[in-house]
Number of protein chains: 2
Amino acid sequence: MQLQTNSSSLQPLVDKLAYRTALGAEDRAAILALPFTVRMMERGQFIVRERDIATNSCLMLSGYSVRSKMTATGNRQIVAIHMKGELVDLQNSMLKVADHSVQMLTPGRIAVIPRDEIIRLTLDRPMVAHAMWIDTLVDASILREWVANVGRRDARTRVAHILCEFAVRLRVGGLATNTHYELPMTQDQLADATGLTAVHINRTLKGLEKEGLIERPNPRAVSIGDWRKLAEVGDFDTNYLHLRENEPALH
Amino acid sequence: MQLQTNSSSLQPLVDKLAYRTALGAEDRAAILALPFTVRMMERGQFIVRERDIATNSCLMLSGYSVRSKMTATGNRQIVAIHMKGELVDLQNSMLKVADHSVQMLTPGRIAVIPRDEIIRLTLDRPMVAHAMWIDTLVDASILREWVANVGRRDARTRVAHILCEFAVRLRVGGLATNTHYELPMTQDQLADATGLTAVHINRTLKGLEKEGLIERPNPRAVSIGDWRKLAEVGDFDTNYLHLRENEPALH
DNA sequence: CGTAGGCTTGAAAAGCGTCAATAGGAGTGG
DNA sequence: CCACTCCTATTGACGCTTTTCAAGCCTACG
């Protein structure tokens, strides 16, 4: 469903890349000049499925998406969550055969960019290539933290950790305040992201609530009662997110 | 400990990058022209520690290393294993503050390359930048598989899976035959890589042995009795390794 | 007003962890 | 060449976190 080709739509990508790499006016203009089409996506809709041959990269314009993998026994593991300004499917399109699926968590808009145009851009403009590379390295850092989270932390710590990560990433992305955010995931999805079961997620969330660490005004929102304590319980340190040094801390 | 500056030492890096990206003679020469120093490393020695400011990237010339993270409770999670030809610490050096440690699993030699020289090379030579980017993307793909392995597979499957991954990666790297390889990890280290305990690793390995799926001629070697079965038990598919299409399959 | 998807809760089982003791093997020094 | 030591592997018994199964509930929405 092709809607429009508004040339300012790629601004979130410029912002994301320029967050960590200094980009000159020409580099910025070159990114904005990438061809793309905007697509409206529904909740649950797939952007790519494992084993597809992906020839496009998609930029999240609004809404949330997840990357996930299925095991032989039919269990799902969510391996990453993406929000506005993030390029999903760079991975799959650059490596030809998709090694995981990408699916919308909420309705939203994405900008579909041909892979070959991104390759051309990176070959033409070394600083843009560098910025994309750095972005990929940060993604990998988050993946490492997730391996540790899922592999070596107990349920309470794991859940507190992921809630902290969301809080910080959403705040940095301008999508949340210090203490409150919309959590676009069901308990099933939280379970798939933490390697637990929905039942245990439910119990763990209730536990954190009872302790006063979080509040749930409604099932799709989280308010952090005591950030310091939650971060401590969640063994959370922002180091792995590689934020800018001047990024204000949460409290 | 600076030993020598033999200009052919970086050949494994050229081979690794050229495995997935076509590189011309000039690009190859530019990589080989990178300045470096060779260091002998002992078993257990750290290449970088979490929170260090890394200014070098290291290429494995021989031996094995692991990347790992520690949790607040003192548990360790190994998040990646590296062998000859792989660049460790690209991640840490490009992102300034290290988000994980890199440590030798065995004695070995590494080539230490200044980060700034790598950046310069990638800004000068777009195809080299592209090759390094692709390499980072494959690393990230392996991390995603590890998240799924540790998050959603039971002990038997997890262990079988990691044994399969080693078999394939070592064979592709020319470090193993079809059915046999040296496994440079203790059971403690295997536990840290799979999110299990050493005791349970021991029992699981014994179980796989009893089933005839593997044999252990000695504690540092693995022979695969029935590759097909092991891959099935381990829910293993090489897709996520993004091998070349002409790469012969194991059997 | 009915239905579907998600949330909540209980009871029981299972898988894996913990603790502890023993055994084996490689290297070291006398 | 033997005794000693350190590190790793092995095994048993027990306990606990998390899963599984199952039922009921709530709420949004057609």
Side-chain angles (χ1 to χ4, degrees), chain A residues 42-45 66 71 73-78 103-107 149-162 182-210 214-222 233, chain B residues 42-45 66 71 73-78 103-107 149-162 182-210 214-222 233:
Chain A
E42 292 166 26
R43 175 167 190 264
Q45 196 174 343
V66 292
T71 66
T73 50
N75 286 117
R76 184 170 79 149
Q77 176 69 47
I78 291 177
Q103 191 179 12
M104 294 300 292
L105 219 43
T106 64
N149 200 39
V150 155
R152 282 290 183 234
R153 295 194 180 113
D154 64 21
R156 178 165 170 263
T157 311
R158 244 185 257 189
V159 173
H161 190 281
I162 205 171
E182 298 302 312
L183 178 71
M185 305 174 81
T186 66
Q187 295 186 358
D188 266 288
Q189 291 160 344
L190 272 175
D192 286 341
T194 50
L196 297 166
T197 58
V199 169
H200 207 64
I201 284 284
N202 183 289
R203 292 178 170 135
T204 308
L205 284 174
K206 289 279 161 196
L208 293 174
E209 227 175 321
K210 206 162 285 174
I214 60 168
E215 283 166 54
R216 313 291 312 277
N218 71 66
R220 287 293 176 282
V222 175
V233 165
Chain B
E42 291 166 26
R43 175 168 190 265
Q45 196 174 345
V66 292
T71 65
T73 50
N75 286 117
R76 184 170 80 149
Q77 176 68 47
I78 291 176
Q103 191 179 12
M104 295 301 291
L105 220 42
T106 65
N149 200 39
V150 155
R152 281 291 184 235
R153 295 194 179 112
D154 65 19
R156 179 166 169 261
T157 312
R158 241 183 260 189
V159 172
H161 190 281
I162 206 171
E182 298 301 313
L183 179 71
M185 304 175 80
T186 65
Q187 295 186 358
D188 265 289
Q189 291 161 344
L190 271 175
D192 287 341
T194 50
L196 298 166
T197 57
V199 170
H200 209 66
I201 284 285
N202 184 287
R203 293 181 169 133
T204 307
L205 284 174
K206 289 279 160 196
L208 292 174
E209 227 176 320
K210 205 162 287 175
I214 59 168
E215 284 165 55
R216 311 291 313 280
N218 71 64
R220 289 292 175 283
V222 175
V233 165

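Throughout, protein chains are lettered first and strands after them, A, B, ... in sequence-line order, and every chain is numbered starting at 1. Quantities reported herein were computed from a predicted structural model and do not represent experimental measurements.
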Review point. Are the side chain of Q77(B) and the backbone N or O of D192(B) linked by a donor-acceptor pair below 3.5 Å?
Key: yes
**Study point:** Axis-to-axis angle between the two ends of the helix from dC1(C)-dG30(D) to dG30(C)-dC1(D) (five base pairs per end, rounded to 10 degrees)
**Key:** 40°
Practice item. Let me know the distance between CG of L105(B) and C1' of dT8(D), rounded to the nearest Å. Key: 14 Å
Check your understanding: Would you say Q103(B)'s side chain and G44(B)'s backbone share a donor-acceptor pair under 3.5 angstrom?
Key -> yes
Check your understanding: In whole Å, what is the span from the CZ atom of R216(B) to the C1' atom of dG24(C)?
Key -> 15 Å
Atom pairs, protein N/O to nucleotides 18-22 of chain D N/O, distance under 3.5 Å:
unit_1	atom_1	unit_2	atom_2	d
dT18(D)	OP1	A155(A)	N	2.9
dT18(D)	OP2	H200(A)	NE2	3.4
dT19(D)	OP2	T197(A)	N	3.3
dT19(D)	OP2	T197(A)	OG1	3.0

Check your understanding: Separation of E209(B) atom CD from dT10(D) atom P, in whole Å?
Key -> 8 Å
Review point. Hey, is the side chain of N202(A) poking within less than 4.0 Å of OP1 or OP2 on dC7(C), counting only N and O atoms?
Key: no
Point to revise | For atom NZ of K210(B) and atom P of dT11(D), their distance in whole Å | key: 7 Å
Practice item. Examine distances only and state if a side-chain atom of R152(A) and a backbone atom of L196(B) form a donor-acceptor pair shorter than 3.5 Å. Key: yes
Check your understanding: Do R158(A) side-chain atoms and R153(A) backbone N/O form a donor-acceptor pair below 3.5 Å?
Key -> yes
**Study point:** Interatomic distance, T106(B) atom OG1 to R43(B) atom CZ [nearest 0.5 angstrom]
**Key:** 9.0 Å
Point to revise | Sugar-phosphate only, base, or nothing, as touched by R220(B) at under 4.0 Å among non-hydrogen atoms | key: sugar-phosphate
Check your understanding: What is the distance, rounded to the nearest whole Å, between atom CZ of R43(A) and atom P of dA4(C)?
Key -> 16 Å
Point to revise | Minimum heavy-atom distance V233(B)-T157(B), with the two atoms named | key: O-CG2, 3.2 Å
**Study point:** D188(B) and T186(B): side chain donor to acceptor below 3.5 Å
**Key:** no
Exercise for review: Figure out the NZ/P separation between K206(B) and dT10(D), and round it to whole Å.
Suggested key: 4 Å
Check your understanding: At what distance, to the nearest 0.5 angstrom, does CG of L205(A) lie from CZ of R216(A)?
Key -> 5.5 Å
**Study point:** Point-to-point distance, once rounded to the nearest 0.5 Å, from CG of L190(B) to OG1 of T204(B)
**Key:** 10.0 Å
Check your understanding: Roughly how many Å is it from CG in L205(B) to C1' in dT10(D), rounded to a whole number?
Key -> 12 Å
Exercise for review: Send over the distance from Q187(A) CD to dC26(D) P, rounded to a whole Å.
Suggested key: 16 Å
